[in-house]
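Notes follow once the structure below has been shown.
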Amino acid sequence: MVCVLGGFPALAGADLDLHANEVAWLRGPNGAGKTTLLRLLAGLGAMRRGRAEVLGADLSVLGDRRWLRGQVGLLGHATFLYEDLTVGQNLEFWAGLHRADPVDVEAAARRFGLDGRLGDVPVGSLSAGQRRRTSLAVLVARRPRLWLLDEPHAGLDAEGRAMVDRLIADASGAGATVVVASHDADHMPAVADRTLDVIGGTVTEAGAS
Amino acid sequence: MIAAVAGDAARIVAKDLRIERATGVITTQILPFGIVMLLLFGFGVDPALQVRGGDRSVLAEVAPGLFWITVLLALLLVVGRAFAVESDDGSLDALLVAGVHPAAILGGKAVVVAAELVVLELVVGAGAVLMFDVTIGDPLHLVVVMVSTTVALAGAGTLFLAVVAGQRGRDTLGPLLVLPAMAPVLIGATAAAGDALYGAGSGGIAWTWALVAFALLYSVAGIVGAGALLEDV
Amino acid sequence: MFVEYVVAGYGISAIVLAAYVGWTLRRGRALSRQVPADRRRFLRD
Amino acid sequence: MTSIAVPPSAPEHTGSRLTRVLGAATAVSWVVWLTYGLVLSPADVVQSESVRLFYLHVPLALSAYLGFTVTLVGSILVLRKNSAFWDQMAGAGAEVGLVLAGLVLVTGALWGRPTWGTYWVWDPRITATTLLFLVYLGYLVVRRLDLDAEVRARRAAVFGIVAFINVPITRYSVQIWNSLHQEATLSLTDTEMDGSQLTSFALGAIAMALFTTWLIIHRFRVGWLEYELDRSGLESAILERRGERTATEVV
């Protein structure tokens, strides 16, 4: 698959096959195309050449992409939270769009320590780590079939990182596929089932290049 | 499916109104802008100036036009604000990944913009009545004019700003797209509002029908064109 | 009477159109040399 | 899109047999039109010589509408078929239309000066034409946004379709205005026309439409070449991008 952003081929050739309940680690230098690949897998961005199927959805078909977007959980560099709303209001809004079960939302909030007083604090006055926890709570409440995480450990303390690891393990345990883009070479090998190298907009199995 | 789109649009509206309640951007920035415009018009056009042989001041006579120009300029601010809320932290993408239909995003935004414009119109309109000595001849007609113009402006403003959403130069390009295209609406709204205030003389009910047509046109165009504007096809 | 306005109108139009046509044709020549022959589609009928 | 096999000797210009035929027809029609309109036809009783500006002004306006109509049709087909061909066609129509609309304003002003004693009047059609000019200027700016080509094509197409509503509004602005205002408005078309004037208009409309078609085809081809150039640039960029891998491994 080839994906072009503003005349620049961010992704120039990828050929991969992912299985359910697999945790795949995308590693590679900055600007290698990891983020573009994740966006593409989420049904955002347009694929200009090639064929790709995600969860049975054909990425070259708009209707399929629309459906796919409702099935995946994407956590990018941006937190997608509204700074002026409180943690609780953000959770409520996104959970509502996802038609998430209120019980799941409450459990997710508890899991990331967002219940209680923190729930009434505007996101704008949270630390980077707390914001990330809020975004993760939204993803958890949503129970996606495909998790796409872009540098999920960045900006988190040891406890937060452990939380992310548990989250990844739980998700794949529940049958979901998890794709993680990360620079964290100490940490990821223990978490991932597979390692993929992304360099120059191309993706290959680690060691197979 | 329509119910899902409408439900998502309603959630977006409720969320944006919540943000407005928390930040007060409209009440503390856009409304004062409208009032400042009223004062400036008073300075620009001498309130004591009378049309020769007429019984109204020049300012009262041209008030409908000044009113809609104020609303049109405020529209640019309000729509810009509506999109800024989403693009601050990548939430436009997140809305799409949440499975929200593009039409729900644009539709929700248009409803929010329309609601905020109505508030502005009520305040500026009341100001015009108090300060410009405007009299309202036919209130019902005026309501129809204001509603249809507001829907047309909100629909078109959201649609045109979505064309440049997320682009460099959107703050300067947006007005170039919106203002010339809105001129027919402005002309119609001014004539029809003048009609509603001071009685027939500038075209009867025809301009009002034209405004209703514009409202429908831009609403439909926004719903149909949303996908092409917000998705990377 | 008013011949000068007629001359000005036709003159300005001629100059503007000629300049635009000239720009278009010259740009077409320059670009077609840069584009490989097998990609020059739609240049023939 | 139809793909046409390109023979080894692809032309190095935007001309073809079609444009040469159209070009010849344009030249002949212009000679006939200008000879009749400027020399053979009599001056108007009221407007005297300045009526001849009208023989240019009205055909320019009609041809500008023609260009904008091409933009409308192209835009619709972009949304329906994702067609790069029609995207370039839409752009060509708008740019040619914009140039013609600019000349409509110039010739209108030059006609207004001797007739009304001023270059600018708040005539509904003059105002509407100026706004139309600005709307399509905005369209061309949207076409230059720094976006992926297909995304940009679709965004421009939405604008190209919605913007077209202003064309009939402009065309019928005088009638709309008159029907909504009971008072009479001084308009460009109020004057009575005689046979020689009608002939001049008709000849001008045909001549200008032929020229416009010829010009849009050429402008489309320039746009298409730009598009192909971008694409071949992209091909090498993709190869270069893949090359980053080997470069990294050497290091």
Side-chain angles (χ1 to χ4, degrees), chain A residues 3-6 35-36 38-48 59-63 65-86 88-90 92-100 122-124 131 134-135 138-139 141-142 144 146 148 150, chain B residues 1 3-29 81-105 107-109 112 166-169 225-233:
Chain A
C3 178
V4 182
L5 298 175
T35 301
T36 309
L38 289 180
R39 283 176 55 86
L40 213 53
L41 292 176
L44 290 170
M47 192 177 54
R48 287 296 169 242
L59 284 193
S60 52
V61 178
L62 176 63
R65 284 216 304 277
R66 263 187 202 158
W67 171 83
L68 172 66
R69 288 198 296 248
Q71 308 294 315
V72 304
L74 172 71
L75 179 62
H77 300 292
T79 59
F80 64 74
L81 300 172
Y82 299 101
E83 305 234 318
D84 302 312
L85 296 182
T86 67
Q89 288 169 333
N90 266 291
E92 187 193 324
F93 172 66
W94 290 107
L97 286 180
H98 296 137
R99 315 283 192 273
V123 167
R131 288 180 201 211
T134 313
S135 312
V138 170
L139 288 196
R142 187 175 168 189
L146 173 63
L148 303 165
D150 202 353
Chain B
M1 189 198 138
V5 171
D8 284 348
R11 285 188 176 88
I12 291 172
V13 172
K15 182 263 298 171
D16 275 14
L17 292 181
R18 248 182 179 173
I19 292 179
E20 171 52 26
R21 207 180 311 149
T23 59
V25 166
I26 303 300
T27 37
T28 61
Q29 293 169 29
R81 166 76 185 157
F83 278 101
V85 165
E86 297 302 338
S87 48
D88 267 355
D89 210 356
S91 42
L92 209 51
D93 277 352
L95 286 174
L96 291 173
V97 177
V100 178
H101 194 282
I105 302 178
K109 290 288 154 192
V112 171
Q167 287 307 295
R168 274 189 309 266
L229 292 175
L230 295 182
E231 288 174 309
D232 301 336
V233 174

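Keep in mind that what you see is a predicted model, and the values were worked out from it rather than measured. Below, chains carry the letters A, B, ... as their sequence lines are ordered, and counting in each starts from 1. All values below come from the heavy atoms of this structure, side chains included, with hydrogens, waters and symmetry mates left out.
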From CA spacing to verdict: salt bridge (Lys or Arg N to Asp or Glu O under 4.0 Å), B:Arg21, A:Asp84: CA-CA 9 Å; B:Arg21 207 180 311 149; A:Asp84 302 312; over 6 Å; no
From CA spacing to verdict: side chain to side chain contact (heavy atoms under 4.5 Å, CB included), B:Val97, A:Arg142: CA-CA 12 Å; B:Val97 177; A:Arg142 187 175 168 189; 4.1 Å; yes
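Across A:Gly96, A:Gly73, A:Pro144, the residue that shares the most heavy-atom pairs under 4.5 angstrom with chain B is A:Gly96. Ranked by heavy-atom pairs under 4.5 Å with chain B, the first of A:His98, A:Gln71, A:Arg99 is A:Arg99. Per-residue heavy-atom pair counts under 4.5 Å with chain A were compared for B:Gly99, B:Pro102, B:Ala98, and the maximum is reached by B:Ala98.
The minimum heavy-atom distance between B:Arg11 and A:Phe93, with the atom names listed, is O-CE1, 3.5 Å.
A salt bridge between B:Asp93 and A:Arg69 is absent, with no side-chain N of the basic residue lying under 4.0 Å from a carboxylate O of the acidic one.
Contact of A:Trp94 with chain B is made through the side chain alone, with heavy-atom distances under 4.5 Å. Heavy atoms closer than 4.5 Å to chain A are found nowhere in B:Ala104, neither backbone nor side chain. In this structure, the portion of A:Leu85 lying under 4.5 Å from any heavy atom of chain B is its side chain and not its backbone. Only the side chain of A:Glu92 comes within less than 4.5 Å of a heavy atom of chain B; its backbone N, CA, C and O stay farther away.
Rounding to the nearest 0.5 Å gives a distance of 12.0 Å between CD of A:Glu83 and OG1 of B:Thr23. Atom CG of residue A:Leu74 and atom CG of residue B:Leu96 lie 11.0 Å apart, to the nearest 0.5 angstrom.
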